[in-house]
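As a basis for the values below, the full set of heavy atoms in this structure was taken, side chains included, without hydrogen atoms, waters or symmetry mates. Just so it is clear: chains get the letters A, B, ... in the order the sequence lines come, proteins before strands, and each one is counted from 1.
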Amino acid sequence: MDAFFAAAEQAAKPSLRGKPVIVGGLGPRGVVSTASYEARVFGVRSAMAMAQARRLCPNAAYLAPRFAVYRQVSDTVMGLLSELSPLVEPLSLDEAFVDLEAGGVPASPEAARAVGERLRADIAAATGLTGSVGLAGSKMLAKIASEQAKPDGLVLIEPGTEWELLGPMSVRTLPGVGPATAEALRRAGIHTVAETREAGEEELVRLLGKAHGASLYAMACGRDDRPVVAERDAKSVSVEDTFDVDLTDRTRVQVEVARLADRCVRRLREAGRSGRTVVLKVRRYDFSTLTRSETLRGPTDDPAVVREAAARLLEGVDTTAGVRLLGVGVTGLADYTQEDLFAQAAQAAHEAEEAQERAQEVTEGAGEAGGAPQALPAALEEGGEDVSRPRRWLPGADVRHAEYGAGWVQGSGVGRVTVRFEDPWSAPGRVRTFAVDDPALEPAEPLPLVRPEPAAGPDESPAIPDGSPGHDRDQAHDQHQAHAPDPGHDHGPGPGHDHGPGHDPGRAHDRDRGRAQPLTSSP
DNA sequence: TCTGGGGTCCTGCCCCCT
DNA sequence: TCTGAGGGGGCAGGACCC
């Protein structure tokens with residue numbers, strides 16, 4: 001998929017189409033996940049510090065990723081791929097290898113090209129997004145072809161042309177050659193694929209080690225017989241958080257490690273696995289990273305066991321100078337069924353313990369100062385809403401207003417949140433600003449990017465009528481409500497308080513009159 | 001004001017066992 | 001009974017990928 005996250009956001013948000021869009025971590029230490037092609041013109045790239053991106057492209061829309069949406073689109077695309085062949089190997093949400101031969105596609109360039117073009121059309125129809133297709137006789141070449149095809153194209157590498165094609169390319173083109181390998185090769189005077197071949201396998205092994213050197217030589221010669229492998233089991237599960245501000249307080253570090261251990265086990269259990277080796281990861285103030293690991297006698301999915309192991313590992317790490325990242329992982333995965341009986345018997349006790357932990361966290365939460373990891377949307381953590389914290393409105397998040405309908409958060413701050421009201425099928429919408437605790441405004445489920453088929457029935461009119469559903473009407477509301485008095489705040493959401501619709505819409509105050517956007521610049 | 005989060009694979013070292 | 005070689009597991013770090 002082309003500029004996947006950013007393209008999905010543009011599809012979901014009509015006002016962003018044709019504009020620079022940057023998806024990534026929005027905190028002070030965020031990095032760019034994906035930049036739209038419009039943003040790349042300014043030099044913004046994946047993995048770049050968000051701060052640098054903002055300097056390069058201050059007028060872009062900066063959005064937090066919405067993985068639920070991307071996963072949905074990804075499932076759709078992977079479904080189309082699986083219609084082509086039983087052998088589909090997903091590499092990530094937006095990329096996969098397909099073995100066309102296993103799918104019975106005749107081994108001719110014409111047949112492959114036809115399948116590729118049809119696939120691209122099907123993806124566009126099913127998702128509203130563009131994807132690029134690389135066709136070749138091996139994974140490495142197919143991948144190179146797909147890179148060349150981007151955006152929105154198809155490239156086929158004819159058998160027999162690989163040698164000349166690869167020769168002049170940079171070594172960085174080859175899979176497995178990153179900055180360090182490229183530098184090692186550069187020092188040896190090797191810059192291109194052809195020079196890599198000329199160096200010979202022996203020299204590459206000497207420079208890079210056995211496995212890396214040998215595989216690099218094969219790749220440089222265009223030899224790559226790695227099969228397409230469907231369904232690979234994960235070998236580790238891990239979670240990590242970078243903190244907005246370095247942690248120095250030892251107790252806080254211990255609390256965070258325990259939280260991460262619990263999150264890690266939750267993920268482990270969701271996957272129905274257990275693990276034997278617990279890994280603690282610590283990135284210090286100076287970005288130096290260390291890991292400590294401990295192998296248990298048998299695999300576990302017991303939060304208490306993982307928490308305790310992580311705590312023991314932490315004991316051996318000096319954190320006084322400041323910690324910017326903490327992580328907890330589990331490797332040596334086994335099937336859940338191998339869980340030992342003792343732990344299962346003790347599980348009830350641990351669950352009671354967990355419940356107590358959570359109760360404690362809520363009371364501690366109120367005093368939490370800066371340095372929080374990118375706060376999870378409060379609603380995500382546990383069913384109940386955490387009343388001790390104000391709701392956080394992440395830019396890009398889906399919302400629904402009792403009166404104005406579906407929209408997305410454009411920005412928030414100083415007690416207000418700015419929302420653009422539009423949906424994937426509407427014309428670009430307009431912006432309104434509300435108090436962050438406006439009860440008429442709620443987080444919402446993402447809308448599908450492609451308009452769903454109208455419900456089967458005699459009446460074929462779609463749920464959302466064509467044409468913009470009445471800016472004029474909105475305007476009328478503006479007149480009425482622009483000066484609605486700000487009712488006093490009630491900070492005691494007692495029992496029975498809910499955010500359901502039907503609250504007095506007069507609480508919505510629209511101070512921007514559709515123009516001023518004090519918090520984020522409108523693209 | 002640089003530098004996320006989720007992974008995989010490889011290497012080197014140490015230690016223990018055979 | 002002692003010794004040395006070699007294999008394998010555990011551990012830490014690093015490179016790479018999306």
Which residues within [range] lie with some heavy atom under 4.0 Å of an atom in DNA chain B?
{"range": "residues 134-149 of chain A", "answer": "none"}
{"range": "residues 280-289 of chain A", "answer": "A:R283, A:F287"}
{"range": "residues 313-330 of chain A", "answer": "A:R324, A:L325"}
{"range": "residues 213-239 of chain A", "answer": "A:A234, A:K235, A:S236, A:V237, A:S238, A:V239"}

Please report, rounded to the nearest Å, how far the [atom2] atom of [N] is from the [atom1] atom of [X].
{"X": "A:L333", "N": "B:dG7", "atom1": "CG", "atom2": "P", "result": "9 Å"}
{"X": "A:L26", "N": "B:dG5", "atom1": "CG", "atom2": "C1'", "result": "15 Å"}
{"X": "A:E240", "N": "B:dG7", "atom1": "CD", "atom2": "C1'", "result": "10 Å"}

Quick test of your reading of the model: are [X] and [Y] salt-bridged, counting only N-O distances below 4.0 Å?
{"X": "A:E270", "Y": "A:R266", "result": "no"}
{"X": "A:R307", "Y": "A:D262", "result": "yes"}
{"X": "A:E183", "Y": "A:R186", "result": "yes"}
{"X": "A:D241", "Y": "A:R283", "result": "no"}
{"X": "A:R284", "Y": "A:D318", "result": "no"}

Exercise for the section: Quick one: which residue pairs count as a side chain to side chain donor-acceptor pair (under 3.5 Å) with a foot in residues 69-78 of chain A, not counting sequence neighbours? Expected result: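 For residues 69-78 of chain A, and leaving out neighbouring residues, the side chain to side chain donor-acceptor pair (under 3.5 Å) pairs sorted by first residue read A:E9-A:Y70.
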Handout entry: Qualifying side chain to side chain donor-acceptor pair (under 3.5 Å) pairs, either residue in residues 46-56 of chain A, two or more places apart
Key =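 Applying side chain to side chain donor-acceptor pair (under 3.5 Å) to every pair that reaches into residues 46-56 of chain A, excluding sequence neighbours, yields nothing.
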Handout entry: More than 12 heavy atoms of other groups within 6.0 Å of A:E147 CD
Key =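 Above 12, so yes.
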Problem - Flag if over 12 foreign heavy atoms under 6.0 Å of CD, A:E117 - result: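 Yes.
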Which whole number of Å gives the distance between the [atom1] atom of [N] and that of [M]?
{"N": "B:dT3", "M": "C:dC18", "atom1": "P", "answer": "23 Å"}
{"N": "C:dC16", "M": "B:dG4", "atom1": "C1'", "answer": "16 Å"}
{"N": "C:dT3", "M": "B:dC16", "atom1": "C1'", "answer": "15 Å"}

Practice task
Using a cut-off of strictly less than 4.0 Å between a heavy atom of the residue and any atom of DNA chain C, enumerate the qualifying residues of residues 180-204 of chain A by number.
Solution key: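 Residues of residues 180-204 of chain A that come under 4.0 Å of DNA chain C are, in numerical order, A:A180, A:T181.
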Problem - Letter per nucleotide, 5' to 3', of nucleotides 13-18 of chain B [B base touched, S only sugar-phosphate touched, - untouched; heavy atoms, 4.0 Å] - result: ------
Handout entry: Runs of at least three consecutive pairs that involve DNA chain B, where pairs are Watson-Crick or G-U with distances under 3.5 Å
Key =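 The stems that DNA chain B takes part in, listed by first number, are B:5-18 with C:5-18.
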Problem - Side chain A:R276, main chain A:T300, donor-acceptor under 3.5 Å - result: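 Such a contact is absent between A:R276 side chain and A:T300 backbone.
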Practice task
Keeping the roles fixed (side chain from A:D99, backbone from A:L87), state whether a donor-acceptor pair exists under 3.5 Å.
Solution key: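 Such a contact is absent between A:D99 side chain and A:L87 backbone.
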Exercise for the section: Assign each of A:S46 and A:L208 to its nearest nucleotide of DNA chain B by heavy atoms, then name whichever residue's nucleotide is nearer the 5' end. Expected result: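 Going by which nucleotide is closer to the 5' end, it is A:S46.
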Handout entry: Position toward the 5' end of DNA chain B (nearest nucleotide), A:H212 or A:A49
Key =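 Closer to the 5' end of DNA chain B: A:A49.
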Handout entry: chain A contact limits on DNA chain C, taken 5' to 3' with a cut-off of 4.0 angstrom to heavy atoms
Key =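 So the contact region on DNA chain C extends C:dG10 to C:dC18.
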Exercise for the section: Return the set of residues passing salt bridge (Lys or Arg N to Asp or Glu O under 4.0 Å) with A:D94 (not counting sequence neighbours), or none when no residue passes. Expected result: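 A:D94 satisfies salt bridge (Lys or Arg N to Asp or Glu O under 4.0 Å) with no other residue.
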Which donor-acceptor pairs under 3.5 Å do the side chains of residues 231-240 of chain A make with protein atoms, sequence neighbours left out?
from	atom 1	to	atom 2	distance (Å)
A:R232	NH2	A:E89	OE2	3.2
A:E240	OE1	A:K281	NZ	3.2

Practice task
State, without any angle test, whether A:T319 and A:R250 hold a side-chain donor-acceptor pair at a distance under 3.5 Å.
Solution key: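 Distance-only check passes for A:T319 and A:R250.
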